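Following: one structure in structure tokens, then a few remarks.
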Amino acid sequence: MEDFDTAFKRVARLRQIIEEANVAYYLKDSPTISDYDYDQLVRELKELEQEFPELKVPESPTEKVGGPLSRLFTPVRHVSPMMSLDNVFSIEELKEWFQRVRRGALHLEASNHAEAEFVFEPKIDGLAISLVYEEGVLTRAATRGNGEVGEDVTANVETISVIPKRIKFPRGANHLLEVRGEVYMPIEAFKDLNEQQLVQNKPVFANPRNSAAGSLRQKDPKITARRSLSFWSYQLGETRGGPNFTTHVQTLEYLRDLGFPVSTLISLTTSETDVVQKINSLNEHRHDLDFEIDGAVIKLNDLKLRERLGTTSRAPRWAIAFKFPPEERITRLKDIMVSIGKSGKATPFGVLEPVFVGGSTVSLATLHNEDQVKLKDVRPLDSVVVRKAGDVIPEIVGPILSSRPPDSQPWSFPKVCPMCGGPLIRSEHESDHFCINYRCPGQIVQRIAHFASREALDIEGLGEQRVFQLVSAHLVADPSDIYKLKIDDLLKLDKFAEVSAKKLIDAIEESKSRPLYRVIVGLSIRHVGTTAAIKIASKVKSLSALLTVKASELSEIDGLGEIIANSVVCYVQDPVTRALVESLVQIGLGVATSSEVPGDNFEPILSGLSFVVTGTLESFTREGAEQAIRDRGGKVTSAPSSKTSYLVVGANPGTSKLTKAERLGVRIVDENEFLNILERGNLDKVG
Ligand code: IVH
């Protein structure tokens, strides 16, 4: 594909970039490129070295493990080399690996080929550690370093409570035992640490891996001790005088018996299809775990076969890492702008050089508010870490300070609204700025789009862009105007034909029968989301009654509170918003008929109960199940706590939710029991 000269230059450049990235990652615990980009560079280098074998050299990063060692720690030679893992990024590549392993195994031992067993493990995103026990006592802990020689971090590792300092020492066994695994920082601990860093005006860590590495590789172990580090073991290293094993699973059971934490997500299988399913399920549930993973590791179970397959200079042939798509990338922040929400909230966001992250191309990411921009010290033209995990909106984690342009200037919050030019006001004790002009076109579009959104009036075909089109054509200026739209009005606009116009008008008409609480959600009253709206609806029973409700009546409602009560009363007393409610009443929205008020439709039989739903249910979507709980007065939260009444478990549940519920003694119910609860209420109810 390339001529030798071009390849020669590119190989030299790639090696330089990779070595620089290694220094930032391994020495400074502060990467300058994302793991994903790093893997891509290594892959490109590998491919060029394959195409031009004369460019291969033993010092190439493709032949080596890890990076340079820090002078802060004493170098220690590993009992046996600590290797890395080869990566695959797709199921096709994984299948090729299976083939290579089976071919290797078949070639060496025909009878074993069909039955090859594989162990499936989460790939924990932390840092690899070797623990050496002599006569049952932890005598040395070392980082992986360059694979041959690591950094002595014994004193730091001794502060990690889940790592045994002494192990059972059966007579005549384990004169020396080496355990390998990953030191990591649980996600909650990482968030707490970053909050503290911010308060103390110190730089935040971009992710739990960096914070684990930065916390473990401290000169002063007292700092490590304060950092809530944890550990998973996944590999038995060198043993001298110890029991002999034939499979990897046996070694993991042995480690568990000795008191080492071994993940319950590890499982054994012979089927490739099963491995693929496990990969998909792990990827889907990766955010249910309280630690970060960046993929799965698949290992051959039979230790003899492993030995026969052997290793390359940097990784074993008997194991492979399947890397999940990246959730964090680094890209250029082109600018910081401000968006105006439905209640006028001004949210700063970054305009990015588009980047593929978390399964889609991202070009905008939130910066939350003025304080966050200041604390993170994010500036236009910085290189920034962008994170998009699961369903969460993309976020700018922080800048890469080492690549900041010399003339960079801090960003300051604009004084005026970018949509209407009115002032942006930040009140005392508030972290947000607001545009206070109710007629601001930015707010109008957001307010109407919210009114039509799924959680409110659910008007199909009336998304933000359509609303923008209608507002720009001066056809609508507040949510009640959409009920005045005629087919002919729409036909005058771009992108509307007879069918689409009729469809929208029908959808608008149909929305008139939505339950009262959804209309209340649609009003964009500050602090009033679905939960509060349901409570308000069951109290006032009709939209017209909302106009005369008193704050004292609302704050009587269990769990509503004064702030929400006052916000509702202010809303209905303000002439402008009051006029909107009156128009909606006139149109016939939110009337009290039994089928439209959730409190009348369903008995509040789950009131006082709190639920967490995990996994896939057969008769509900996740949202449907949660709505069914709320309809009956129950509460839904995202993770089990001591206050949770039930964990509802469907297929492929989140393991950490299950473990947490078990630990807290939360009652775990399957779909059938859940259906019973929806019908009859609390299972413990007498009678
Ligand atoms: S086994 C010779 N198992 O991934 C095989 N490694 O990218 C040694 N890692 O250096 C590693 N989870 O730090 C293994 N379940 C797991 C792992 C795991 C995370 C890390 C480890 C390794 C790196 C390679």
Side-chain angles (χ1 to χ4, degrees), residues 18 21-22 25-26 29 31 35-36 38-39 42-43 46 61-62 64-67 78-89 97 101 118-131 141-148 150-151 153 157 178-185 207-210 212-213 216-217 229-238 248-249 251-252 255-256 260-268 275 278-279 282-283 286 289 291-301 303 305-307 309-324 326:
I18 293 169
N22 280 343
Y25 185 92
Y26 290 108
D29 302 317
D35 289 0
Y36 177 80
Y38 180 87
D39 289 342
V42 172
R43 167 156 290 220
K46 235 185 194 168
T62 56
K64 293 193 301 186
V65 171
H78 293 302
V79 192
S80 62
M82 279 183 88
M83 307 212 94
S84 184
L85 289 169
D86 282 335
N87 295 325
V88 291
F89 298 88
W97 176 78
V101 170
F118 296 94
V119 182
F120 178 88
E121 303 183 0
K123 188 173 186 313
I124 304 123
D125 203 4
L127 74 158
I129 288 289
S130 146
L131 307 171
T143 64
R144 194 179 62 176
N146 61 23
E148 299 286 337
E151 301 155 323
V153 286
V157 164
E178 190 204 5
V179 179
R180 291 178 177 178
E182 203 87 349
V183 167
Y184 68 92
M185 183 172 283
N207 55 46
R209 193 228 86 99
N210 296 344
L216 188 71
R217 298 170 70 260
L229 292 174
S230 201
F231 175 75
W232 288 119
S233 52
Y234 46 63
Q235 198 70 31
L236 183 61
E238 186 85 6
H248 180 55
V249 166
T251 64
L252 294 178
L255 288 176
R256 198 175 272 146
F260 291 95
V262 177
S263 167
T264 50
L265 299 170
I266 297 180
S267 59
L268 183 69
V275 169
K278 285 176 195 288
I279 287 177
L282 185 65
N283 191 13
R286 64 192 279 193
L289 303 173
F291 53 93
E292 287 212 329
I293 57 174
D294 58 345
V297 183
I298 299 104
K299 300 174 178 173
L300 199 58
N301 191 27
L303 301 183
L305 277 185
R306 281 188 181 187
E307 235 171 78
L309 278 171
T311 69
T312 65
S313 64
R314 63 176 295 279
R317 293 198 182 86
W318 43 261
I320 197 81
F322 182 97
K323 287 286 204 88
F324 290 153

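In this text, all values refer to a predicted model and were calculated from it rather than measured experimentally. Start at 1 and go down the list; that is how both ligands and their atoms are numbered.
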For ligand 1, does Pro316 get within less than 4.0 Å through its side chain, its backbone, both, or neither, judged by non-hydrogen atoms?
side chain
For ligand 1, which atoms have a heavy atom of Glu121 less than 4.0 angstrom away?
3 (N), 15 (N), 16 (C)
Out of the candidates Arg43, Arg317, Arg314, only one should pair with Asp86 under the salt bridge (charged side-chain N to carboxylate O under 4.0 Å, His left out) rule; please name it.
Arg314
Protein heavy atom at shortest distance from atom 13 (O) of ligand 1
Glu182 OE1, 2.6 Å
The atoms of ligand 1 lying under 4.0 Å from a heavy atom of Ser84, numbered in the order shown, are 24 (C)
Min N/O separation Arg144 to ligand 1 under 3.5 Å:
yes
re atom 8 (C) of ligand 1, the protein heavy-atom contact at minimum distance is Met83 O, 4.1 Å
Test of proximity, Lys299 against ligand 1: N or O pairs below 3.5 Å:
yes
Please round to the nearest 0.5 Å and tell me the distance separating atom CD1 of Ile129 and atom CE of Met82.
7.0 Å
Does ligand 1 have a heavy atom under 4.0 Å from the side chain of Leu85, from its backbone, from both, or from neither?
both
Give the atoms of ligand 1, by number and element, whose distance to some non-hydrogen atom of Pro122 is under 4.0 Å.
12 (N), 15 (N)
How long is the gap from CD on Glu238 to OG on Ser130, to the nearest 0.5 Å?
10.0 Å
Nearest-0.5 Å distance, CZ of residue Phe260 to CG of residue Leu252
12.0 Å
Checking contacts here: is it the side chain or the backbone of Lys123 that comes within 4.0 Å of ligand 1, counting heavy atoms only? Could be both or neither.
both
Taking all heavy atoms of Pro122 and all of Ile266, pick out the closest pair and write down the distance.
CD-CG1, 4.0 Å
Report the part of Ala315 in contact with ligand 1, treating N, CA, C, O as backbone and CB onward as side chain, heavy atoms under 4.0 Å; options are side chain, backbone, both, neither.
neither
Smallest heavy-atom separation, Tyr234 atom then Glu182 atom, equals OH-OE1, 2.7 Å
Can you tell me how far the OH atom of Tyr38 sits from the OH atom of Tyr25, to the nearest 0.5 Å?
8.5 Å
Can you pull out the closest protein heavy atom to atom 14 (C) of ligand 1? Residue, atom name and distance to 0.1 Å, please.
Tyr234 CE1, 3.3 Å
Of the non-hydrogen atoms in Glu292 and Asn207, which two are nearest, and what is the gap between them?
OE1-CB, 4.4 Å
Heavy atom under 4.0 Å from ligand 1: found in Met82's side chain, backbone, both, or neither?
neither
If the cut-off is 4.0 Å to any non-hydrogen atom of Ala128, which atoms of ligand 1 fall inside it?
10 (O), 13 (O)
Of all the heavy-atom pairs spanning Asn22 and Gly67, show the shortest one and how long it is.
CB-CA, 4.3 Å
Pair Tyr26-Arg217, side-chain donor/acceptor within less than 3.5 Å
no
Does any N or O atom in Ile124 lie less than 3.5 angstrom from one in ligand 1, N or O only?
yes
